[in-house]
J.: 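Okay, here's the structure, questions in a sec.
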Amino acid sequence: MKFATKAIHAGQEPDPTTGAVMTPIYQTSTYWQSSPGDNKGYEYSRGTNPTRKALENCLAALENAQFGLAFSSGMGATDAVMKLLLPGDEVITGNDLYGGSYRMFTKIFANYGINFHFLDLSDPAIVNEYVNENTKLIWIETPTNPTMQIVDIEAIAKISKEKNILLAVDNTFASPYLQNPIDLGADIVMHSVTKYIGGHSDVVMGALMLNDEELYKRLWFIYNSCGATPGPMDSFLVLRGIKTLHLRMKAHCENGRKVAEFLKTHPKVDKIYWPGFTDHPNHSVAKKQMRDFGGMISVTLKDAGLVETFRIVSSFKVFSLAESLGGVESLVNHPVTMTHASIPKAERDKAGVVDNLIRLSVGVEDIDDLLADLKQALA
Ligand SMILES: *Cc1c(COP(=O)(O)O)cnc(C)c1O
């Protein structure tokens, strides 16, 4: 099946008891057994729930994967992957990560004896310099947040396969509509479903998609044992959101391109980060591995200190000043004080996350209203 058909139908059958076309919200924690162990495949909703199961099958299909696991947040999904590791293991990852991932790696898992190398992965060859017999996982994000660096998934996958290391890709920014890391050789795809997949800024959720059955069993064991699994109502909301994922992404990309082109020549804009520009340092890789360039754009403001930057981000009327991204509504964010505040200043500076950087999540409103809002806010 093609993407649009999977978004609407994958994992979902008419309800066997009533014929309901929409997957029911199975709001139950437990399931009747006719005699101990004799059940219909469901025992307790931390481990399995039919609404969540339908969602997981849909999520897997979107990433061309066999297995999907839904978590109660993106961080819950990341946490489960990290729990595959043991003390002494090493992880190679990017130096421009989602702030919460950086915080989890350095403040939680580093305390359990897991060692992280934060590298500029825009040249994949650097991985070879850090791989050793303890390296068990490569964790990448592309496009990165907030500076839209592009990492060559296929090139990293070639190294990870040669060295027998797991490769996990945080595919949140691209969404499965624009990029499918498993097709490029990754072992695990992670999503903050909260963002584009959910798409309506009303649910916090995460997911893992993968093909290897042994690995799926290990991750399911962690998921069921540690318990960061979402409830049926949230699972239903996401199933509903996914039905328009392809339509929303198309509109995000169209609006994103127009906003990026508008900002590129704006006198108030210094640097602009968007992988669709031919002068983006890894544009050719983006073009190779993504189907379009998305609606996430960051810019630095010319001659703007913190005060002027605050004034500008507070003066939008259509864009909302808020954390998060990927919803139908446009958002503006100030990474240094909002999404990336948990990263030390020295690390932020290295990644270009500076005081006058602002990040836009371009929504699917009318483009004329978005451009007019940018015009007045930057005036
Ligand atoms: C939001 C986000 C996460 C974390 O997901 P939550 O659902 O907020 O826990 C991880 N990675 C990226 C790239 C994100 O944008």
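Just follow the structure's listing: the first ligand is 1, and inside any ligand the first atom is 1.
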J.: In the protein, what heavy atom is nearest to atom 6 (P) of ligand 1, and what distance, to one decimal place, separates them?
T.: Gly74 N, 3.3 Å
J.: Any idea how Tyr196 and His252 line up, ring-wise: parallel (<30°), tilted (30 to 60°), or perpendicular (>60°)?
T.: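 Because their plane-to-plane angle is over 60°, the rings of Tyr196 and His252 count as perpendicular.
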J.: Suppose I only count heavy atoms of Met205 and a 4.0 Å limit; which atoms of ligand 1 are within that range?
T.: 7 (O)
J.: CG of Asp366: more than 12 outside heavy atoms within 6.0 angstrom?
T.: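 Enclosed.
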J.: For residues Tyr31 and Asn49, is any side-chain donor paired with an opposing acceptor at under 3.5 Å?
T.: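 Yes, because at least one side-chain N or O of Tyr31 sits under 3.5 Å from a partner of the opposite role on Asn49.
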J.: Any nitrogen or oxygen of Met190, main chain or side chain, under 3.5 Å from a nitrogen or oxygen of ligand 1?
T.: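 Among all N and O atoms of Met190, none is under 3.5 Å from an N or O of ligand 1.
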J.: Give the residue, atom name and distance (to 0.1 Å) of the protein heavy atom nearest atom 5 (O) of ligand 1.
T.: Ser192 OG, 3.0 Å
J.: Do Ser361 side-chain atoms and Gly326 backbone N/O form a donor-acceptor pair below 3.5 Å?
T.: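 Flag set: sc Ser361 to bb Gly326 pair under 3.5 Å.
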J.: Considering non-hydrogen atoms of the protein only, which is the closest contact for atom 13 (C) of ligand 1, and what is the distance?
T.: Asp170 OD2, 3.4 Å
J.: Check each atom of ligand 1 against the heavy atoms of Ser73 and keep those under 4.0 Å away; list them by number with element.
T.: 7 (O), 9 (O)
J.: So which of Leu208, Leu69, Leu84 actually passes side-chain contact (heavy atoms from CB on, under 4.5 Å) with Ile222?
T.: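 When side-chain contact (heavy atoms from CB on, under 4.5 Å) is applied between Ile222 and each of Leu208, Leu69, Leu84, only Leu84 qualifies.
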J.: Do Phe118 and Tyr102 make the cut of ring centroids closer than 6.0 angstrom?
T.: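 Between Tyr102 and Phe118, which both carry aromatic rings, the centre distance is below 6.0 Å.
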J.: Taking non-hydrogen atoms only, is Lys195 closer than 4.0 angstrom to ligand 1 via side chain, backbone, both or neither?
T.: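 The side chain, only.
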J.: Would you say Met75 has any N or O atom under 3.5 Å from an N or O of ligand 1, going by distance alone?
T.: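 Between Met75 and ligand 1 (N or O atoms, distance only) the closest approach is under 3.5 Å.
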J.: Does Thr194, backbone or side chain, put an N or O under 3.5 Å from an N or O of ligand 1?
T.: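 For ligand 1, there is an N or O atom that lies under 3.5 Å from one belonging to Thr194.
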J.: Under 4.0 Å from any heavy atom of Glu141, which atoms of ligand 1 are there?
T.: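 Matching atoms, with element in brackets: 13 (C).
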J.: Measure from NZ or CZ of Lys195 to the centre of the six-membered ring of Tyr98, then state whether that distance is under 6.0 Å and the direction lies within 45° of the axis.
T.: yes
